[in-house]
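The structure appears below as structure tokens.
Within every chain, numbering begins at 1; the chains are lettered A, B, ... in the order of the sequence lines, protein sequences first and strands thereafter. Note that the coordinates shown come from a computational prediction; the quantities given were computed from them, not determined experimentally. These values consider heavy atoms only, across backbone and side chains, with no hydrogens, waters or symmetry-generated copies.
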Amino acid sequence: MTMTSILKKVAMALSGLAMLGFLVMHLAGNFLLLKSAKAFNDYSAMLHSTGVLLYVAEAGLVLFFLVHVVSGVRVSRENRKARQTQYAVKATAGQATLFSRTMALSGLIILVFVPVHIAMFKFGNAGGGGGLWGLVMREFSQPLTAAWYVLAMLAVGMHLSHGVGSAFQTLGILKPTWRKPLRQAGVLLGWALALGFASIPVWALMQAQKV
Amino acid sequence: MKFTLKLWRQKGRTEPGAFETRVVEGVSEDMSFLEMLDKMNNEIEAAKDGVEPFAFDSDCREGICGTCSMVIGGRPHGPGELSTTCQIYMREFKDGETITVEPFRAAAFPVLRDSVVDRSAFDRIIGAGGYVSTNTGGAPDANALPISKADAELAMDAAQCIGCGACVAVCKNASAMLFTSAKVSHLVSLPQGKVERTPRVLAMVKQMDQEGFGNCTNEGECEAVCPKGISISHIARMNREYVRAKLFGA
Ligand code: HEM
Ligand code: FES
């Protein structure tokens, strides 16, 4: 299907914001890990008890993910084609940021991360002691796994620090006076999420070192 | 003042290009950048050694036509804020500095010669719908059509676009969204332009894509170099106009 430049970006913005909404809920749920094994496992059981609803939500997330990645790849390829010759003197006019320049890279890290993550925790063996909580704690007791998680979450922070503000602009949130606050709120939210997620493997690793 | 210029030299559209280094001496700090190039070209011609003068575009030389396209030291139109190349003066550079001059780089703006590029893609975007074709009658009474101050200001801000192409030149995606959105936003702010708002935005965006401009990634580099200070809020507005046209157009 061919889509115009604006429609591709709107699709990315909508799917990106939908995934952002998921991340907020996901992090809130994950913080139950810190509370107790029971709280976390009960939460997991509660989600599974919703049955078909859970499948619908998961299907939605897969769809958003695919739409976002496919559009992202197409947008990036078209953009490279539109500027084939680079300038000899490379400079920015001051508004680009390191993270706005590396959206494809941070996105790529997330693209690798997500399947690995799902294989590890959704399809991992939660049958050992402590149920799902135990699985998470066992995985994160390995320093390399924990480090990889922190790295991937940095990529999430990078991606969202440009992405959230970008999405509002793409969706035409009009009032010029809102633009800067929305952008700043996006940076804040992005890094808050990233650091929140990253804190969990760090905490779990510290717990494992204690015993 | 004395400058070392690194100039992009390219004989034609399909020829390969390369940088040529030239030293220009005896430059007054009150010369504009284009006058400095004129001086250099006069010297090239006087030397009669078969070297062609450096080709560059210019017309009004007072910042209103948008013709003077070039990238100076990595920035379209050079160092100044809110200015075109013809409004840059040599006092803004350091004596003895090396200055690199490149053409606007975009697949949709092919290089014709040296720093001169073909910007007719912009004309075709305007041709696709950047006008009002409804009959609006003779000149009306000044206040017969009330337009709010806010709308009038918005339309005037957008209408300042001189079509210079600096927005495309600076964008890492060579996107023409700022240019296209300025026209869309200008016309949709006014009652005469509202009539054709749906076909206009659809046709102009389609043409913009067909010309091979890139997609906007909302960095805002374009508004930073726009000699007329056009804001990327117009891009947000065009995005909304476009979605509106797709959903409720017909
Ligand atoms: C899976 C791998 C991913 C890839 C390859 C990817 C790639 C991209 C690319 C190339 C862009 C456009 C760059 C720009 O606007 O400057 C983008 C934008 C964006 N991404 Fe991602 N992304 C991925 C995952 C995610 C995830 C998981 C989220 C949300 C939690 C997300 C949220 C966003 C948002 C909100 C935008 C801005 C939308 C816009 O205005 O275009 N991305 N992404
Ligand atoms: S020559 Fe007209 S704007 Fe520079």
Side-chain angles (χ1 to χ4, degrees), chain A residues 2-14 16 71-72 74-104 107 162-180 182-183 186, chain B residues 6 8 17 19 71-76 99-108 111 154 166 168-177 201-202 205-206 208-209 211-226 231-244 246:
Chain A
T2 57
M3 289 215 288
T4 57
S5 51
I6 295 183
L7 283 190
K8 274 186 294 245
K9 288 303 308 261
V10 167
M12 291 189 75
L14 289 177
S71 308
R74 287 170 67 183
V75 161
S76 303
R77 282 176 55 182
E78 284 167 9
N79 289 351
R80 258 204 309 281
K81 241 179 77 191
R83 159 65 63 67
Q84 281 153 1
T85 317
Q86 300 303 328
Y87 291 108
V89 180
K90 293 185 177 52
T92 89
Q95 308 236 49
T97 64
L98 177 61
F99 303 143
S100 75
R101 287 276 139 116
T102 49
M103 287 297 275
H162 174 70
V164 179
S166 175
F168 288 129
Q169 168 78 2
T170 299
L171 295 177
I173 305 296
L174 191 59
K175 277 261 183 72
T177 44
W178 288 10
R179 203 169 83 217
K180 231 174 146 192
L182 277 178
R183 208 164 255 278
Chain B
K6 271 183 70 188
W8 182 260
F19 281 103
V71 171
I72 304 166
R75 187 178 163 102
I99 306 171
T100 306
V101 182
E102 303 173 72
F104 283 1
R105 296 291 189 193
V111 175
L154 200 63
V168 172
V170 78
C171 175
K172 76 177 169 67
N173 315 317
S175 167
M177 289 283 276
V201 70
L202 294 178
V205 169
K206 187 168 167 218
M208 176 183 86
D209 286 356
E211 297 291 346
F213 293 107
N215 304 273
C216 177
T217 52
N218 303 319
E219 289 195 309
E221 291 277 284
C222 50
E223 71 177 1
V225 299
C226 176
S231 155
I232 59 171
S233 300
H234 295 291
I235 296 182
R237 192 150 195 243
M238 176 164 80
N239 288 336
R240 269 209 347 185
E241 271 298 297
Y242 191 83
V243 170
R244 193 203 65 88
K246 278 279 174 191

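In this structure, the portions of B:E221 lying under 4.5 Å from any heavy atom of chain A include both its backbone and its side chain. Within the 4.5 angstrom heavy-atom criterion, only backbone atoms of B:F213 (N, CA, C, O) approach chain A. Only the backbone of B:V168 comes within less than 4.5 Å of a heavy atom in chain A; its side chain stays farther off. Interface remark: B:P76 contributes no atoms to any contact with chain A (heavy atom separation under 4.5 Å). For a residue to count as touching a neighbouring chain, one of its non-hydrogen atoms must lie under 4.5 Å from one of that chain's; by this rule A:R183 touches chain B with the side chain only. For a residue to count as touching a neighbouring chain, one of its non-hydrogen atoms must lie under 4.5 Å from one of that chain's; by this rule A:K90 does not touch chain B.
Note that the CG atom of B:N215 and the CD atom of A:E78 stand 5.0 Å from one another [nearest 0.5 Å]. The OG1 atom of A:T97 lies 6.5 Å from the CD atom of B:E219; values are rounded to the nearest 0.5 Å. Rounding to the nearest 0.5 angstrom, the gap separating the CZ atom in B:R240 from the OG1 atom in A:T170 is 14.0 Å. For the atom pair B:K172 NZ and A:R80 CZ, the distance stands at 10.0 Å (nearest 0.5 Å).
The shortest distance between side-chain heavy atoms of B:C216 and A:Q169 does not fall below 4.5 Å. Using a 4.5 Å cut-off on side-chain heavy atoms (C-beta onward), A:T4 and B:Y242 make contact. The shortest distance between side-chain heavy atoms of B:N239 and A:K9 does not fall below 4.5 Å.
Contacts with chain B were tallied for A:G165, A:G94, A:A93, A:A91; A:A93 has the most, counting heavy-atom pairs under 4.5 Å. Contact tally against chain A (heavy-atom pairs below 4.5 Å) for B:S175, B:G212, B:C171, B:C222: the top residue is B:C171.
What you find for B:T217 and A:H162 is that their closest heavy atoms are O-NE2, 2.8 Å. The nearest pair of heavy atoms linking A:A82 to B:A174 is O-CB, 3.3 Å.
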B:I232 and A:Q95: side chain to side chain contact (heavy atoms under 4.5 Å, CB included), yes or no, with the steps?
CA-CA 12 Å; B:I232 59 171; A:Q95 308 236 49; over 6 Å; no

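In this model, a donor atom of one side chain and an acceptor atom of the other lie less than 3.5 Å apart for A:S5 and B:D209.
Atom CZ of A:R77 has 12 or fewer neighbouring heavy atoms from other residues, nucleotides or ligands inside a 6.0 Å radius.
In terms of modelled atom types and a separation under 3.5 Å, the side chain of B:R105 and the main chain of A:R83 share no donor-acceptor contact. Within the 3.5 Å criterion, the main-chain N or O of A:V89 finds a donor-acceptor partner in the side chain of B:E102. A donor-acceptor pair is defined here as one N or O able to donate and one able to accept, closer than 3.5 Å; such a pair exists between the side chain of B:N218 and the backbone of A:S166.
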